[in-house]
2 protein chains.
Amino acid sequence: MDTAQKRLNDAFRTRTKAGRIRQQNEAKIIKAAEIEFAQNGYKGTSLNAVADRAQLPKSNILYYFKSKFGLYGAVLADILEMWNQAFSVASIDSDPAETLYRYIEAKVAYSYTHPLASRIFAMEIIQGAPHLEAFLAQDLKVWLDDRASVIQSWIDAGKMKAVNPHHLIFLIWGSTQHYADFSTQVCWALGKKEYDQQDFQDATATVAMIVLGGLGLTIPTENR
Amino acid sequence: MDTAQKRLNDAFRTRTKAGRIRQQNEAKIIKAAEIEFAQNGYKGTSLNAVADRAQLPKSNILYYFKSKFGLYGAVLADILEMWNQAFSVASIDSDPAETLYRYIEAKVAYSYTHPLASRIFAMEIIQGAPHLEAFLAQDLKVWLDDRASVIQSWIDAGKMKAVNPHHLIFLIWGSTQHYADFSTQVCWALGKKEYDQQDFQDATATVAMIVLGGLGLTIPTENR
DNA sequence: GTCTATAGATCGATAGAC
DNA sequence: GTCTATCGATCTATAGAC
């Protein structure tokens with residue numbers, strides 16, 4: 001009778017007591033969905049294509065995730081979880097050069113280890129964030145403003161040149177994420193089929209040198 | 001009988017002697033298609049949506065552009081034409097600071113005046129450039145290598161710090177194009193609905209200061 | 001040249017057998 | 001829980017009236 005309570009119970013059981021087969025299948029589906037969503041966007045992705053790639057019947061997807069939008073939400077949740085794990089640490093009184101270098105390094109590494117996640121996020125934003133607006137806009141803005149205030153405090157303390165903190169963050173985002181989102185373009189230019197570790201070290205070095213240098217900071221000694 | 005020749009004639013006549021109404025309609029369709037492609041990608045865009053936005057019957061689109069792919073090609077051609085007009089000038093013996101500043105300025109301005117074009121291009125690349133690969137890969141690589149060799153000559157002449165020229169170009173691309181491609185994100189962060197001119201001046205100033213500063217160059221006096 | 005009607009394929013989602 | 005069959009909507013593209 002109480003269907004709302006029943007649905008909550010179902011959802012909870014689904015999250016916690018999922019069977020072994022179901023968990024394996026869900027993982028296979030999310031992995032396949034990441035590839036398809038990154039390649040074709042939300043509208044451009046068909047459940048048929050995801051099902052084929054996951055080698056599972058299409059109805060299986062809809063049974064697990066209720067709808068196409070539900071599947072997309074699960075993929076985004078996966079991405080945001082990784083995102084938070086990688087960039088949640090933020091020290092207030094730490095050294096600007098050290099902190100910014102670590103951030104650039106982590107950002108480039110993330111582009112290397114999670115190119116699909118990075119690309120899906122990029123496409124979602126380019127399209128105006130029609131799907132994640134409600135549940136991400138606030139978190140993201142809080143995180144950004146927090147970061148910006150730290151940078152501003154460094155500037156006020158005379159530890160680095162004065163720049164618009166938000167624009168500085170965008171510059172770092174743009175130039176690092178570029179390596180994941182525009183890998184096709186970058187690979188053409190470098191005459192390669194795929195990146196290797198050396199390319200990512202070069203990327204980190206170039207971005208760090210220019211950004212830190214431009215701010216009047218020096219790269220931490222152990223990374224020079 | 002000679003259908004190949006006939007088709008060539010048709011194509012030529014279409015390009016050159018197009019009627020007034022047809023030209024107007026084609027322009028309306030391309031403008032509508034730009035919005036839809038930027039919002040939903042190639043696969044995610046339907047001719048119905050384009051037709052509705054252009055306020056023209058769907059068959060009209062297929063009559064003018066032969067197919068969905070033909071329409072997309074026309075949109076891309078439009079974008080690349082603007083692109084070339086904006087960035088084709090490249091001087092060999094010019095001043096690095098002056099040249100790089102003008103380039104950053106032009107790139108940010110392009111993001112401001114042609115955000116849709118910039119976004120379509122970005123999505124195409126993110127998706128692996130499945131459509132424009134054949135007819136753009138070569139041109140783009142030639143252009144890039146040419147630019148990189150100029151930067152290398154500046155480095156060899158001791159005019160600026162040594163960096164990987166390709167990565168420097170990517171950094172500029174990434175950080176400037178970011179303002180068009182990720183406008184949603186940037187607007188959230190700045191707490192605005194749309195950019196104004198001041199935001200773009202700030203963007204130009206920040207990117208120029210950091211990039212030129214990081215390379216050991218000074219911003220041209222008239223722009224400080 | 002322009003537009004309506006519609007074919008043929010594929011979409012997301014559901015019903016029901018097992 | 002899993003999978004087949006299928007619905008109704010929507011897609012690209014074409015045929016043919018005007």
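Numbered from 1 within each chain, the chains take letters A, B, ... in sequence-line order.
The side chain of B:Ser46 sits closest to D:dC11 out of D:dC11, D:dT2, D:dA13. Side-chain proximity of B:Lys58 to C:dA13, D:dT14, D:dT12: nearest is D:dT12. Closest approach to the A:Tyr63 side chain among D:dA13, C:dA5, D:dG1 is made by D:dG1 (side chain taken as heavy atoms from C-beta onward). Of the candidate nucleotides C:dC3, D:dT12, D:dT2, D:dT12 has the atom nearest to the side chain of B:Asn48. Considering only side-chain atoms of A:Asn60, the nucleotide from D:dC3, D:dT2, C:dT2 that sits closest is D:dC3. Considering only side-chain atoms of A:Leu62, the nucleotide from C:dA13, D:dT2, D:dA5 that sits closest is C:dA13.
With a 4.5 Å cut-off on side-chain heavy atoms, B:Leu62 and B:Lys66 do not count as touching. Within the 4.5 Å cutoff, no side-chain heavy atoms of A:Leu171 are placed close to those of B:His178.
Ring planes of A:Phe200 and A:Tyr112: tilted class, angle from 30 to 60°.
We find that NZ of B:Lys68 is positioned 8 Å from C1' of D:dC11, with the value rounded to whole Å. Between B:Tyr64 atom OH and C:dC3 atom C1' there is a gap of 11 Å when expressed in whole angstrom units. Note: CG (B:Leu71) to C1' (D:dC11) measures 15 Å, nearest angstrom. Atom CD1 in A:Ile61 sits about 9 Å away from atom P in C:dG12, given to the nearest Å. Rounding to whole angstrom units, NZ of residue A:Lys66 and P of D:dG1 are separated by 11 Å. If you measure from atom CG of A:Leu47 to atom P of D:dC3, you get 16 Å, rounded to the nearest angstrom. Look at CD on A:Gln24: it is 11 Å from P on D:dT2, rounded to the nearest Å. Per the geometry, CG belonging to A:Asn25 stands 7 Å off P belonging to D:dC3, to the nearest Å.
Under the 4.0 Å criterion applied to side-chain N and carboxylate O atoms, B:Glu105 and B:Arg102 are assigned as salt-bridge partners.
In A:Lys192, the NZ atom is crowded: over 12 heavy atoms of neighbouring residues, nucleotides or ligands sit closer than 6.0 Å.
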